[in-house]
Amino acid sequence: MANFKTLPGFREFYPEDYAKRKHIFQIWRQVARRFGFQEFDGPVLESLELFKAKSGDEIESQLFCFTDKGGREVSLRPEMTPTLARMVGAKANALKRPIKWFCLGDNFRYEKQQRGRLRCFSQLNVDILGEAGPSADIELISLLIDMLTSFGLTHEDFYIRLSDRNMWFLYLEALGNDEAQVTQILGIVDKWERLPEDAVREKLTGIVGDKGRSLWEAIDAFIKIDSLPALRKIFDGLNVEGESAERLQARLDDWSALLGGLELMGYKEFLQLDLSIVRGLAYYTGFVFEAFDRKGEFRALAGGGRYDTLVKKMGGPDMPAVGFGMGDVVLGELLADRGCMPQFVDTVDVYAVIGGEEERKAALADIGSLRQAGYSVDYAFKNQNFGKQFKAASAAGARLAVIYGSEELEKGVVKIRNMSDRSEEEVPRSHLAEAVRSLL
RNA sequence: GUGGCUGUAGCUCAGUUGGUUAGAGCAUCGGAUUGUGAUUCCGAGGGCCGCGGGUUCGAGUCCCGUCAGCCACCCCA
C-alpha cells in the first residue's frame with residue numbers, strides 16, 4: 001500500500017475536493033454559455049511535433065512526452081491552443097464567424113511542482129477566432145471578469161492588467177529598433193521587475209550598443225504608463241510620421257474602443273493599464289492581459305491575448321484570434337482563501353429513518369418509489385436507534401427525514417420531519433411522494 | 001533542471017543528553033442509548049516514525065543516500 005503513491009504533481013479528488021472542482025467547472029461552463037460560446041474538446045495525447053511547431057524545440061523539456069509503442073514521439077497536451085488552431089484551420093471555410101469556442105480539460109506539463117503549479121491541472125480555454133477588431137477582445141475580457149465575479153470575487157479581490165505588444169512595437173520602432181531587436185527587448189521587458197537593474201542595462205547594451213542607457217530610460221517611462229492619456233502623451237514627444245503615424249493612430253483608437261467598451265459594460269474598476277505585461281512567448285500579436293489577485297499573494301489567475309498569426313502558422317488560413325486560459329489550481333486557492341468555496345458535498349433530499357426490521361419493509365418500498373420519482377434518498381443499512389439515524393440524516397444534508405416507526409405504520413402513515421426547522425407532520429403513506437414534493 | 005527547509009496515526013502535533021512495548025487531541029467505528037439531530041461518558045481500530053544504508057550494546061532521535069512535500073530560482077504556452 002504505502003508504496004503506491006500518486007505521481008508528483010498529480011492529484012486525487014476525495015469527494016470534498018471533487019465537489020470543489022465541480023463547482024469551478026460548473027461556473028466555467030455556465031458563464032461561457034451565457035456568453036454564447038460552444039464547448040469542444042480534442043485529444044489528450046498529440047504528436048510531439050504539434051507543440052514544437054507552435055513553441056519551438058526548447059519546449060520539449062517542459063512537456064510530458066514519451067515514445068509510444070509504435071515508435072511515435074508523443075506528448076500529453078500542455079495547452080489547448082495548438083489543437084484548437086488545427087481544428088479550426090481544418091474546417092475554417094465551413095465555420096460560422098465569429099467562432100466562439102471554449103474547452104475544459106486536463107493539461108500536463110513536466111515541471112517541478114510548487115504551490116499553484118502541478119503536472120496535471122484542469123484548464124479552461126476560451127477563444128474567439130475570425131474577428132480582428134477590439135470587439136472580440138472586449139467580449140473575451142468581459143467574459144473573464146464576469147466569470148471571476150460569478151465565483152463571488154469582487155474588484156477588491158482581483159484585477160486585470162491590460163497591455164499591448166503592438167504598442168510596444170510601435171514605440172520601440174519609433175525609437176529606431178528593428179523587428180528582431182524589438183522581439184529581444186520584449187524578452188527583457190518580461191523580466192524587468194525580476195532582474196536587477198544592472199543586469200537589465202547590460203542586456204540592453206548587448207542588443208543596441210551605446211543606446212542602451214537611453215533605451216533603459218525610455219522603457220522605464222513606458223512601463224510606468226497607467227492611462228490612455230499618458231500613453232498618447234509619450235508618443236507626442238516622438239516624431240512619429242507617415243505610415244507609422246497612421247498605424248499609431250489606429251492603435252490608439254483600438255485602445256479607446258477597448259477601454260470604452262469595457263467601461264460601458266461596468267468593468268472599469270477591474271482594469272489596469274499595465275504595459276509591463278508582455279507575456280513570455282512571442283506569438284502574441286496585440287492586446288495581452290492577465291488576471292491577478294489584488295494582494296499579489298498568488299500566481300496569475302488567467303492570462304491571454306491576441307494571436308492573429310498562429311492559425312496560419314499551424315497550417316490553417318489567415319485567421320485572427322484572441323483567447324485566454326485559466327487553471328483550476330490557482331483559482332481554487334484564491335477561492336478557498338476568500339471563502340468562496342462551497343461547504344458541502346452532494347446532499348440528499350430525503351433520509352429514511354427506520355424503526356426496525358419490520359418497518360424496513362415498508363421503508364424499502366417507499367424509498368424505491370421516491371427514487372423512481374426522481375428524489376435522492378438515503379438510509380441506514382443496519383438497524384440503529386433513532387438518534388444515530390437523525391445524526392446521519394443531518395450529516396447527509398437531508399432536507400427531510402421520513403420516519404418509519406411502528407406506531408405510524410399501524411396507522412398507515414409516516415412522519416415527515418423538516419430537518420431545518422425540526423417541524424413534523426404525519427402523512428398517509430399513499431401520499432408520501434406528493435407530500436415530499438410540496439415540502440422540498 | 002539548481003539550491004534551501006521539512007518528513008512520527010486520516011488531520012494537527014508531542015516524543016527529554018540515543019534507552020523498555022512510540023503518545024495526545026481531532027476524526028472514524030462500537031457501546032451507554034430500539035422514538036428524535038446536542039452534550040457527556042466508556043471502549044476499539046488505526047504506525048515498517050517517508051524509504052534504504054551506516055554508527056552504536058541499543059536509533060523516531062546521530063551520519064550518508066534517496067524519495068516526497070514546501071519555498072526560492074529556471075520556466076510559465
Side-chain angles (χ1 to χ4, degrees), chain A residues 1-12 14 16 46 50-56 58-64 75-85 107-119 121 123 125 127 187 190-191 194-196 277-284 288 290 298-305 307 310 314 323-327 329-330 351 353-360 380 382-409 414-424:
Chain A
M1 268 296 281
N3 291 325
F4 296 117
K5 293 184 197 164
T6 56
L7 263 14
F10 285 78
R11 293 171 288 175
E12 300 179 297
Y14 286 85
E16 200 177 318
E46 293 267 18
L50 177 71
F51 303 117
K52 283 190 182 174
K54 185 202 158 207
S55 306
E58 324 77 56
I59 201 70
E60 187 171 338
S61 65
Q62 282 153 61
L63 292 179
F64 213 109
S75 175
L76 289 164
R77 65 186 181 197
E79 58 168 328
M80 279 309 298
T81 310
T83 302
L84 170 68
N107 293 63
F108 305 83
R109 295 178 187 175
Y110 201 88
E111 295 184 289
K112 190 158 175 173
Q113 71 159 316
Q114 276 177 45
R115 187 169 70 121
R117 184 160 100 179
L118 303 171
R119 286 184 171 179
F121 53 95
Q123 185 165 296
N125 276 79
D127 295 88
D190 192 37
K191 299 176 171 51
R194 282 170 285 160
L195 285 176
I277 303 286
V278 297
R279 295 187 66 76
L281 269 72
Y283 69 84
Y284 283 110
V288 290
E290 294 185 346
F298 300 92
R299 293 168 176 277
L301 289 161
Y307 51 98
L310 188 68
M314 301 300 295
F324 75 82
M326 168 156 50
V329 183
V330 178
Y351 196 97
V353 173
I354 302 166
E357 214 45 55
E358 269 311 301
E359 293 77 19
R360 184 169 293 269
K382 289 182 293 191
N383 291 334
Q384 289 176 322
N385 64 54
F386 278 35
K388 273 228 180 354
Q389 294 189 64
F390 279 108
K391 211 183 286 186
S394 180
R399 293 171 63 190
L400 301 176
V402 177
I403 301 158
Y404 290 86
S406 52
E407 297 162 21
E408 288 84 354
L409 290 177
V414 288
K415 204 180 274 177
I416 299 182
R417 180 181 177 88
N418 184 321
M419 293 298 287
S420 52
D421 65 15
R422 303 184 179 218
S423 62
E424 291 185 350

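Since the structure is predicted, the reported quantities are computational estimates derived from the model, not experimental observations. Just so we're on the same page: letters track the sequence lines, and every chain starts at 1.
Taking atom CZ on A/Phe390 and atom P on B/U34, their separation rounds to 15 Å, with Å as the unit. The nearest whole Å value for the distance from the NZ atom in A/Lys191 to the C1' atom in B/C73 is 12 Å. Taking atom CZ of residue A/Arg194 and atom C1' of nucleotide B/C74, one finds them 10 Å apart after rounding to whole Å. In this structure, the CD atom of A/Glu424 is 14 Å from the P atom of B/G35, given to the nearest Å. Atom NZ of A/Lys54 is separated from atom P of B/A77 by 8 Å (rounded to the nearest Å).
Under the 4.5 Å side-chain criterion, counting only non-hydrogen atoms from C-beta, A/Arg279 is in contact with A/Glu290. Counting heavy atoms from C-beta on, the side chains of A/Phe10 and A/Leu118 never come closer than 4.5 Å. Looking at heavy atoms from C-beta onward, A/Pro78 lies out of side-chain contact with A/Phe108 at the 4.5 angstrom threshold. At a threshold of 4.5 Å between non-hydrogen side-chain atoms, the residues A/Leu50 and A/Pro82 count as touching. Inter-residue side-chain proximity for A/Val353 and A/Lys415 is flagged as unmet; no heavy-atom pair is nearer than 4.5 Å.
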Quick test: give all pairs of protein nitrogen or oxygen and nucleotides 67-69 of chain B nitrogen or oxygen below 3.5 Å, distance rounded to 0.1 Å.
unit_1, atom_1, unit_2, atom_2, d
B/G69, OP1, A/Gln113, NE2, 2.0
B/G69, O5', A/Gln113, NE2, 3.4

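At the heavy-atom level, A/Ser406 lies under 4.0 Å from base atoms of the strands shown. Base contact: A/Met419 has a heavy atom under 4.0 Å from a base atom. Note on A/Gly405: a base of the nucleic acid sits closer than 4.0 angstrom, heavy atoms only. Looking at heavy-atom distances under 4.0 Å, A/Arg115 makes contact with sugar-phosphate atoms alone, never a base. Counting any heavy atom pair closer than 4.0 Å across all strands shown, A/Ser394 reaches a base atom. Residue A/Asn125 is classed as having no contact, given no heavy-atom separation below 4.0 Å to the nucleic acid.
Considering NZ of A/Lys54 and OG1 of A/Thr83, their distance stands at 10.0 Å, rounded to 0.5 Å. In this structure, the separation between CD on A/Glu358 and CG on A/Asn383 is 10.5 Å, given to the nearest 0.5 Å.
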TODO: For RNA chain B, produce a single dot-bracket line, 5' to 3'. Pairs: Watson-Crick or G-U wobble, both distances under 3.5 Å. Symbols: ( ) within strand, [ ] crossing, | other strand, . unpaired.
DONE: (((((((..((((.....[...)))).(((((.......))))).....(((((..]....))))))))))))....
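The phosphate of B/U36 (OP1 or OP2) has no side-chain N or O of A/Arg422 nearer than 4.0 angstrom. Taking only side-chain nitrogens and oxygens, A/Asn385 comes nearer than 4.0 Å to OP1 or OP2 of B/U34.
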- [ ] Under the side chain to side chain donor-acceptor pair (under 3.5 Å) rule, what do A/Gln123 and A/Arg77 come out as? Steps first, then yes or no, please.
- [x] CA-CA 11 Å; A/Gln123 185 165 296; A/Arg77 65 186 181 197; over 6 Å; no
TODO: Would you sort out whether A/Arg119 and A/Glu111 count as a salt bridge (Lys or Arg N to Asp or Glu O under 4.0 Å), showing the intermediate values?
DONE: CA-CA 6 Å; A/Arg119 286 184 171 179; A/Glu111 295 184 289; over 6 Å; no
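Comparing B/A77, B/U36, B/G37 by their closest approach to the side chain of A/Tyr284 singles out B/A77. Side-chain proximity of A/Lys112 to B/G35, B/A77, B/G3: nearest is B/G3. Of all nucleotides listed (B/C76, B/A72, B/G35), B/A72 comes nearest to the side chain of A/Gln114.
You'll find a donor-acceptor pair under 3.5 Å spanning the side chain of A/Glu408 and the base of B/G35, going by distance alone. Residue side chain A/Arg117 reaches the base of B/C75 through a donor-acceptor N/O pair under 3.5 Å, judged by distance alone. Counting atom types as modelled, A/Arg109 pairs a side-chain N or O with a base atom of B/A77 as donor and acceptor under 3.5 Å.
No more than 12 heavy atoms of other residues, nucleotides or ligands shown are found within 6.0 angstrom of OH on A/Tyr110.
Between A/Tyr110 and A/Ala393, the residue anchored nearer the 5' end of RNA chain B, judged by the nucleotide with its closest heavy atom, is A/Tyr110.
Using a 3.5 Å distance cut-off with no hydrogens or angles, the side chains of A/Asn418 and A/Glu424 do not pair a donor with an acceptor.
Judged by a 6.0 Å distance limit and a 45° cone about the ring axis, A/Arg417 is positioned over the six-membered ring of A/Phe390.
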Open item on the list: How would you summarise protein contacts on nucleotides 25-30 of chain B per nucleotide, using B for base, S for sugar-phosphate only and - for none, with heavy-atom distances below 4.0 Å?
Closed with: -----S
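The two atoms that bring A/Tyr284 and A/Gly305 nearest to each other are CE2-N, 3.4 Å, heavy atoms only.
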